[in-house]
Amino acid sequence: MSIALLLTVGGLTTTGLYLITARSLSRIILGFSLLGHAAVLSLLIAGGSPRAAPIAGTAEQMSNPVPQALALTAIVISFGLTLFLLALAGRQQTLSGDDLVEDDLEDGRIANAQSSEEDL
Amino acid sequence: MSTLVATTVIAPLLCAAGGLAVRGNTPARDGITIVGLLTAAASAVALLVDVANNGSRVVRVGDWSPELGIVLVADLFATLVLPVALIIIVVVEIFAIGQRRTAWGANPELAGPLLCVLTAGVSLAFLTGDLFTLFVAFEMILVSSYVLLTHQGQRDQIRSGMTYVVMNLLASTLFLFGLALIYAATGTVNIALASERIAELPDGVRLGIGAWFLVVFGTKAALFPLFSWLPDSYPTAPTTITAVFAGLLTKVGVYAMIRFHNLAGMDELGPIMLLLAAATMIVGAVGALAQRDVKRILSFHIVSQIGYMLMGLGLFTEVGTTAAILFLVHHMPVKTVLFLVGGLIENEQGTSTLAYTGGLATKRPLIAAFFSIPALSLAGLPPFSGFVAKFAVIRAGIAEASSIPVMVAVVAAVGAGALTLLSMTKIWLGVFWGEQDPTPTEPGRIQAAGNRRAMVVATGLAVLGTVAISFSAGTLFDLSQRAAAELNAPRTYIEMVGS
């Protein structure tokens, strides 16, 4: 297992999680892209030490193909979801002029009702 | 018989493709959708009969070894939950066809095919024998739910859709990390093989994996404190879509938890699960009391009810698992019916906000009857199915009531039951008694009527279904008990899949 790969996964995860905590959906999308890469890399690490391409030679000479197949599926799914999030951000942009994630309105209404009752 | 296993997944997928190919607003698409869903539901029922009599079926897709390939396992737990879920979807689709012409109807060009994809995902999630296919099934369910939730593009849908998508996407990413963790530790993602090897791992790694997947499945299942996305997003979607989500989506998370944590033998996580279950029950029920909209009250109750299932699982006894499975089977139809009734209320009165509704008991006594049966069942009053399920959970808890977490969970279960009755009374007072406020002051209030007959018939069928569940509670309890026994004896499952 290579230290460089581990550090990369750590770095990508940290940056990704930081970006996800933002209010702006475009930053969240970037965060998820980074997190997706980190997850795929950790799948590759789980496959063990690197060897020849999975199609060449005998089983002993090949790297483990299973995590690579899993990683490929995960990449396709996260690609599609990134596009969906972009469409969502675009729609929010046309509706409100920005791409910020808003609060739950009903929650706010209930909280306000509570405080106005206390005022009476 | 093994074709039946595949049919439940493939039939809805084919019909999704067929439904998308049909252009315009034609009955042909409705036909294709209904045929696909009915085929899947009929296969699921046949599969239940077969598995209950002849034992579990294992299908190796492409005949690969379980180390490498996809395995579908139709054991009693999967085949008990599957027909309930699929029949619910059929009923909701009938309701959706009736509701189409109202302002609350979903766009039929998308809703039918996407519902089919969601159905295929639900079938796959129940039947799969490996964790990666479970991940793919979750994604099938979630991607179609993202689109169903936001496809009308209204402002509050986009707003709540963002929270929903971001929370669930985070859980999916954590799922991927978890898969890497399991693969690195055991060298397989097959549930049977992995749970065999997990038992041999050092305690730290083993419980780490268990806790990681508790967070992953817990987010999907809306456990405390990971539930915040649910009551915000569900009420904004069209009723039919909320009804499917409420009945199925969180339950798939609970199902995955019951299967994985039982087979992998995560007994040490029991106390944590019980405390989380207690918090989930109480926070959900108290949250519901503060709401002033029928759909939001019901959404908070989804959270509260998830707590009961987790409590059954967290006991890690055969009685506890039996109770959790029975609760799962009772809860799915009851919750769906309540949301369908919410849709009928909305259709009659133009809104589902309690302040603006009223007097429906005299105007539409049938709707009042439709509401009262599942509502009493949800609160856990005899003779309805909710009583049997809640009684089973609490009895399982009392049988183990030696430790503090168990006692906390039992007290919370009784308390949450009382609070549920209170908020059902609140809906009853607001919607069915009194007079309707005639001034349409609330923004977004629309007067519209769809094909009321189809909607009422679908709701009536679903109510009959919940009543049927309470009458067949004995059979269901026996089946749940057998399913729980299978889950608590992982050796049989491991040998069946691995050989």
Side-chain angles (χ1 to χ4, degrees), chain A residues 1 9 13 16-17 20-21 23 25 28-29 31-32 34-48 64-67 69-71 73-78 80-82 84-85 87-96 99-107 109-111 113-114, chain B residues 67-69 130-133 135-136 138-140 142-143 146-147 149-150 153-170 172-189 228-229 231-233 235-236 287 290-293 295-296 299 353:
Chain A
M1 195 185 290
V9 170
T13 314
L17 281 177
I20 286 175
T21 54
R23 275 243 155 188
L25 200 54
I28 295 177
I29 295 169
F32 272 120
L34 294 184
L35 263 188
H37 289 312
V40 166
L41 274 182
S42 55
L43 273 175
L44 277 186
I45 296 176
N64 189 348
V66 177
L70 304 185
T73 317
I75 290 172
V76 175
I77 291 175
S78 71
L81 284 174
T82 309
F84 179 75
L85 275 176
L88 209 58
R91 179 71 193 165
Q92 175 77 354
Q93 174 91 39
T94 40
L95 283 172
S96 68
D99 66 346
L100 301 182
V101 177
E102 294 168 45
D103 288 330
D104 184 351
L105 301 175
E106 192 69 24
D107 256 5
R109 209 175 293 161
I110 287 163
Q114 216 66 39
Chain B
E67 293 265 352
L68 296 173
D130 75 273
L131 285 168
F132 195 80
T133 314
F135 168 75
V136 174
F138 268 139
E139 290 308 306
M140 281 167 78
L142 287 173
V143 170
Y146 298 155
V147 181
L149 193 66
T150 55
Q154 285 159 14
R155 187 158 187 170
D156 54 341
Q157 290 174 343
I158 297 291
R159 176 188 61 71
S160 62
M162 282 173 158
T163 330
Y164 178 77
V165 175
V166 168
M167 278 302 289
N168 280 294
L169 206 52
L170 185 61
S172 299
T173 316
L174 290 181
F175 199 161
L176 266 185
F177 279 111
L179 285 170
L181 201 63
I182 284 212
Y183 196 88
T186 67
T188 180
V189 285
S228 59
W229 54 270
D232 184 18
S233 58
T236 59
Q291 305 303 315
R292 34 162 239 161
D293 182 280
K295 282 160 119 190
R296 281 186 70 95
S299 296
T353 306

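Note that the structure is predicted; figures quoted are calculated from it, not measured. Naming convention: chains lettered A, B, ... in sequence-line order (proteins, then strands); numbering from 1 in each chain.
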How long is the span from the CG atom in B:Leu170 to the CG atom in A:Leu35, to the nearest 0.5 Å?
7.0 Å

Working to the nearest 0.5 Å, report the span between CZ of A:Arg91 and CE of B:Met162.
11.5 Å

Top contributor to chain B interface from A:Ala38, A:Gly31, A:Ala87, A:Ala71 [non-hydrogen pairs under 4.5 Å]
A:Ala38

With chain B, which of A:Leu17, A:Val40, A:Asn64 has the greatest number of heavy-atom pairs at distances under 4.5 Å?
A:Asn64

So which part of A:Ala69 gets closer than 4.5 Å to some heavy atom of chain B, the side chain, the backbone, both or neither?
neither

To the nearest 0.5 angstrom, please state how far the CG atom of B:Leu181 sits from the OG atom of A:Ser42.
9.0 Å

Contacting moiety of A:Leu44, where chain B heavy atoms sit under 4.5 Å:
neither

Shortest non-hydrogen contact from B:Ala180 toward A:Ala46
O-CB, 3.3 Å

Contacting moiety of B:Val166, where chain A heavy atoms sit under 4.5 Å:
both

Given a strict heavy-atom distance threshold of 4.5 Å, which part of B:Thr150 is in contact with chain A: side chain, backbone, both, or neither?
side chain

Restricting to non-hydrogen atoms, name the atom on A:Ser96 and the atom on B:Arg155 that form the minimum distance, rounded to 0.1 Å.
CB-NH2, 3.2 Å

Checking heavy atoms, do the side chain of A:Leu85, its backbone, both or neither come under 4.5 Å from chain B?
side chain

Excluding sequence neighbours, so at least two apart, what forms ring-ring contact (aromatic ring centres under 6.0 Å, His included) with B:Phe132?
B:Phe135

Per-residue tally against chain A (heavy atom, under 4.5 Å) across B:Thr188, B:Ile182, B:Thr173 peaks at B:Thr173

Ranked by heavy-atom pairs below 4.5 Å to chain B, first place among A:Leu70, A:Ile20, A:Leu95, A:Leu81 goes to A:Leu70

ring-ring contact (aromatic ring centres under 6.0 Å, His included) against B:Tyr164, all qualifying residues, sequence neighbours excluded
B:Tyr146, B:Trp229

Heavy-atom distances under 4.5 Å only: say whether A:Ile28 touches chain B with side chain, backbone, both or neither.
side chain

Segment of B:Leu169 engaging chain A (4.5 angstrom heavy-atom cut-off)
both

Chain B contact via A:Thr13 - which portion, at a heavy-atom distance below 4.5 Å
side chain

Atom group of B:Gln291 that falls short of 4.5 Å from chain A, counting heavy atoms:
both

Engaged part of B:Val147 at the chain A interface, taking heavy atoms whose separation is under 4.5 Å:
both

